[in-house]
Amino acid sequence: MDAFTAGLLHRIRTTESDLTRARETGDDFLADVEQSELDDLLRLAAEHGVETGVGTGVTTV
């Protein structure tokens, strides 16, 4: 796995975690911000052919 892919997958995992935390604490604004970030990261992954496994609980390459 190259550094770009590893970094992108790390950012996706971190953002998913931050999004979950924001939702659990009821911080709607932060949840919106994190969801937008996640959407951008997933778009970037798709553009570069990086398999994320988002939604399955497993992130793969």
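We find the CZ-CD distance between Arg21 and Glu16 to be 12.5 Å, quoted to the nearest 0.5 Å. Expressed to the nearest 0.5 Å, how far CG of Leu8 lies from CZ of Arg13 amounts to 9.5 Å. One finds the CD atom of Glu37 at 10.5 Å from the OG1 atom of Thr14 (value rounded to the nearest 0.5 Å). With values rounded to the nearest 0.5 angstrom, Ser17 atom OG is found 11.5 Å from Leu38 atom CG. The CG atom of Leu41 sits 10.0 Å away from the OG1 atom of Thr52 when rounded to the nearest 0.5 Å.
Scanning all heavy atoms of the two residues, the minimum distance from Ile12 to Ala45 falls at CD1-CB, 4.3 Å. Across Ala6 and Met1, no two heavy atoms sit closer than the pair CA-SD, 3.4 Å. Counting all heavy atoms, side chain and backbone alike, Ala22 lies closest to Ala31 at CB-N, 3.7 Å.
Between Glu34 and Arg23 there is no salt bridge, since none of the side-chain N atoms of the basic residue sits less than 4.0 Å from a carboxylate O of the acidic one.
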Test side chain to side chain donor-acceptor pair (under 3.5 Å) applied to Ser36 and Asp39, step by step: CA-CA 5 Å; Ser36 293; Asp39 292 344; 5.3 Å; no
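Between the side chains of Asp18 and Thr15, not a single donor N or O lies within less than 3.5 Å of an accepting N or O.
Val33 and Leu44 fall into different hydrophobic clusters, where Ile, Leu, Val, Met, Phe, Trp and Tyr side chains are chained together by heavy-atom contacts under 4.5 Å.
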